[in-house]
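Worksheet for the structure shown next.
Every chain is numbered from 1, with letters handed out A, B, ... down the list of sequences.
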There are 2 protein chains.
Amino acid sequence: MARLAGVSPVTVSRTLAGGKNVTPEVQQRVIEAVRQLDYLPNENARGLRPGQHSGLIGVAITNLSNPFYGTFALGVEEIAHARGRYILLGSTGESASRESDLIANFLSRRVEGLIVIPAGEPAPRRWVRRLGQVPIVVAAREAADLDADRVLMDDAAMARRAADDLLAEGHQRVAFIGNIVTVSAHRARYEELGRAMGAAGLRMDPRLVRGVTDDVEDAASHARDFLDIAHQPTAIIAANNRIGVGVLREYARRLDEGVRADALPLVAVFDELELGDLLRVRVRAYASDPRELGRTAARTLFERLDGVAVGGPRRLMVPA
Amino acid sequence: MARLAGVSPVTVSRTLAGGKNVTPEVQQRVIEAVRQLDYLPNENARGLRPGQHSGLIGVAITNLSNPFYGTFALGVEEIAHARGRYILLGSTGESASRESDLIANFLSRRVEGLIVIPAGEPAPRRWVRRLGQVPIVVAAREAADLDADRVLMDDAAMARRAADDLLAEGHQRVAFIGNIVTVSAHRARYEELGRAMGAAGLRMDPRLVRGVTDDVEDAASHARDFLDIAHQPTAIIAANNRIGVGVLREYARRLDEGVRADALPLVAVFDELELGDLLRVRVRAYASDPRELGRTAARTLFERLDGVAVGGPRRLMVPA
DNA sequence: GTGAAAGCGCTAACAA
DNA sequence: TTGTTAGCGCTTTCAC
């Protein structure tokens with residue numbers, strides 16, 4: 001490359017860096033050679049030099065096929081792109097070991113920062129020690145053992161609104177499907193729901209609470225159980241989108257079997273349900289804003305990278 | 001690191017590479033030092049050596065918030081993970097220049113291979129020359145100027161099935177929303193539809209064809225037009241998922257205004273419509289399998305990387 | 001079994 | 001303005 005232009009590698013570097021201290025003529029020669037060879041500087045080598053950054057952000061989400069996380073990633077990318085960064089992306093599938101591997105690999109590629117949706121599987125995050133000075137933003141869920149910035153949805157507000165609606169309609173027996181043990185967002189939604197109902201002199205029946213994180217079929221089977229018990233709940237609350245879809249899958253089966261739509265419990269879904277208003281069954285969605293969540297997570301990360309934000313971990317709330 | 005273990009960097013490298021030619025004792029010392037320092041070898045430096053590979057696959061999709069592409073990426077990741085590779089991911093938003101930038105950056109990070117969903121914006125792909133020996137797989141859509149392996153859905157089969165259904169029900173006036181000019185998948189679906197209807201002595205009315213790629217609101221506004229013309233079509237065909245959602249958004253508005261569900265044209269949607277069977281309006285979905293598409297794309301890429309596949313570009317079809 | 005030397009592609013610092 | 005030197009962190013080759 002340098003040979004073709006008849007200059008030294010330094011001159012190539014300088015030209016590509018903006019051309020400071022290079023004769024226009026020489027620059028021209030370099031540019032020409034670059035084009036002729038389709039030369040692309042090796043970013044990995046460049047990042048090796050001290051003081052240079054890799055231009056990479058590591059993003060670990062739980063499940064790419066869930067549109068919530070896809071949209072989240074889109075929000076992250078939007079900001080990252082505006083800041084000239086590129087995304088290393090992986091999904092954990094809620095597995096703690098996969099999360100650990102993924103992050104170790106991100107770090108070994110010298111990402112400048114990390115954005116992580118913590119995996120639900122409960123396990124100590126031994127990888128935090130490896131972070132060193134690399135900033136990390138935890139999004140969508142709490143992670144007790146991570147001493148880092150958090151960007152969360154307003155789970156309590158969403159849950160309160162849901163509770164208000166349910167109470168206003170006179171529901172007394174409501175079921176809940178979600179992983180309240182390991183997924184903080186689900187737990188927050190559940191607890192606030194319980195509080196709001198408690199304030200109205202009601203309580204969640206623990207026999208009507210089932211744990212699932214993201215699995216459509218699992219959720220469907222819990223819904224089946226609820227529909228089959230003698231004293232059906234009057235509403236089923238799905239802690240997220242995928243769980244909601246699972247419940248509705250079971251509803252579709254029931255309708256096929258001749259069950260009437262208004263004989264089925266109301267379904268309340270968190271996180272958005274596309275076309276919920278067009279369904280033949282009674283559904284209510286309490287939507288969060290995954291794209292803005294992603295954007296905010298990325299902005300928060302960049303504030304650390306820029307040194308704009310200093311000090312202890314921050315906690316940001318993205319309104320629903 | 002090497003100092004802490006009292007050995008040379010070479011010995012560390014050897015130990016981490018499996019420990020060939022290192023005394024178990026010394027290995028132990030190295031392992032211990034690694035743990036103590038939370039040492040992670042620098043993958044970028046490692047990849048710098050000749051003959052080493054980066055362990056990265058570049059994936060360029062059009063829109064992460066579309067669950068179709070999210071699921072596609074999941075399929076890619078599944079295979080990549082099994083092969084110990086990691087994913088550099090970016091979305092093009094259908095923009096040709098963004099596609100070009102993205103791929104240039106992937107290449108400058110020395111990805112081992114690329115998987116690309118070509119952006120719809122028509123523009124010559126000048127970046128192909130930069131590929132050098134890096135294999136690329138084109139997925140989901142054709143890209144005429146790319147001389148590379150392709151992994152496509154069976155658009156024609158899906159369209160034929162849709163046409164059969166429509167014809168069986170006596171539809172004669174059907175509208176189509178999709179970008180038949182620049183998105184080959186949409187075009188293939190449209191053309192096959194036309195062929196099948198032609199065989200039945202009917203034809204698509206060109207005034208009932210509108211171009212949109214992925215935009216929900218755009219699609220909704222076209223649907224609005226179709227609903228407002230005097231001689232309504234009896235069916236509206238959406239070339240993909242997002243377009244279908246757009247059409248249905250408009251339907252939801254109409255229902256709110258008191259329009260009866262059975263007064264609205266049937267909607268046929270390609271690529272899957274979650275919960276389509278639960279909608280209050282008549283909808284038919286012709287689903288493809290994005291996850292398998294992603295898996296197949298990744299497998300095809302690895303066959304090139306492994307040297308299992310040689311010779312000219314292959315064309316694979318993933319059944320719907 | 002271990003280490004010294006060399007070089008992957010790049011750029012900051014210094015020299016010419 | 002341009003080039004030489006050196007070193008980022010790693011691994012391959014060769015010597016011991």
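- If you measure from atom NE2 of A/His53 to atom P of C/dC10, you get 16 Å, rounded to the nearest angstrom.
- Counting any heavy atom pair closer than 4.0 Å across all strands shown, A/Asn42 reaches sugar-phosphate atoms only and no base atom.
- The distance between atom CZ of B/Arg3 and atom P of D/dG9, rounded to the nearest whole Å, is 12 Å.
- Residues A/Asn42 and A/Arg46 have side chains that never bring a donor and an acceptor to within less than 3.5 angstrom of each other.
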Using atom names, set out every protein N or O paired with an N or O of nucleotides 3-6 of chain D below 3.5 Å, distance rounded to 0.1 Å.
unit_1 : atom_1 : unit_2  : atom_2 : d
D/dG3  : OP2    : A/Ser8  : N      : 3.2
D/dG3  : OP2    : A/Ser8  : OG     : 3.3
D/dG3  : OP2    : A/Thr11 : OG1    : 2.7
D/dG3  : N7     : A/Arg14 : NH2    : 2.7
D/dG3  : O6     : A/Arg14 : NH1    : 3.4
D/dG3  : O6     : A/Arg14 : NH2    : 3.4

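- Side-chain contact of A/Asp271 with A/Ser288: a donor-acceptor pair under 3.5 Å is present, judged by distance alone.
- For DNA chain C, the residues of residues 25-41 of chain A within the heavy-atom distance limit of 4.0 Å (strictly under) are A/Tyr39, A/Pro41, sorted by number.
- Exactly one of B/Thr62, B/Asn241, B/Asn240 qualifies for a side chain to side chain donor-acceptor pair (under 3.5 Å) with B/Asp214. That residue is B/Asn240.
- At distances below 3.5 Å, not a single donor-acceptor pair connects side-chain atoms of A/Gln27 with backbone N or O atoms of A/Thr15.
- One can place CG of A/Asn44 at 14 Å from P of D/dT11, the figure rounded to the nearest angstrom.
- For A/Asp215, the CG atom sits in a packed shell: over 12 heavy atoms of surrounding residues, nucleotides or ligands are nearer than 6.0 Å.
- Atoms CZ and OH, from A/Arg109 and B/Tyr86 in turn, are 7.5 Å apart once rounded to the nearest 0.5 Å.
- C/dC10 atom P lies 9 Å from atom CD of A/Glu43, rounded to whole Å.
- A donor and an acceptor atom, one from each side chain of A/Arg110 and A/His53, are nowhere located under 3.5 Å apart.
- Atom C1' of nucleotide D/dT12 and atom CG of B/Asn21 are separated by 13 Å, given to the nearest angstrom.
- Residues B/Glu112 and B/Pro135 have side chains not in contact (no heavy-atom distance under 4.5 Å, counting atoms from C-beta outward).
- Each end of the helix from C/dG1-D/dC16 to C/dA16-D/dT1 gets its own axis, taken as the rotation carrying the C1' atoms of four end pairs onto the next four within a five-pair window, and the two axes meet at 50° to the nearest 10 degrees.
- Proximity of A/Thr23 to the phosphate of D/dT2: a side-chain N or O atom is located under 4.0 Å from OP1 or OP2.
- At a threshold of 4.0 angstrom between heavy atoms, the contacts of B/Gln52 are confined to the sugar-phosphate backbone, with no base atom among them.
- A side-chain donor from one of A/Ser91 and B/Glu77 sits under 3.5 Å from a side-chain acceptor of the other.
- Atom P of nucleotide C/dC8 and atom CZ of A/Arg46 are separated by 18 Å, given to the nearest angstrom.
- Here C/dC10 presents its P atom at 7 Å from CZ of B/Arg110, a figure rounded to the nearest Å.
- For the pair B/Glu32 and B/Arg35, the salt-bridge criterion is met [side-chain N within less than 4.0 Å of a carboxylate O].
- The only option from A/Arg125, A/Arg126, A/Arg129 that meets the salt bridge (charged side-chain N to carboxylate O under 4.0 Å, His left out) definition with A/Asp145 turns out to be A/Arg125.
- Taking atom CG on B/Leu48 and atom P on C/dC10, their separation rounds to 9 Å, with Å as the unit.
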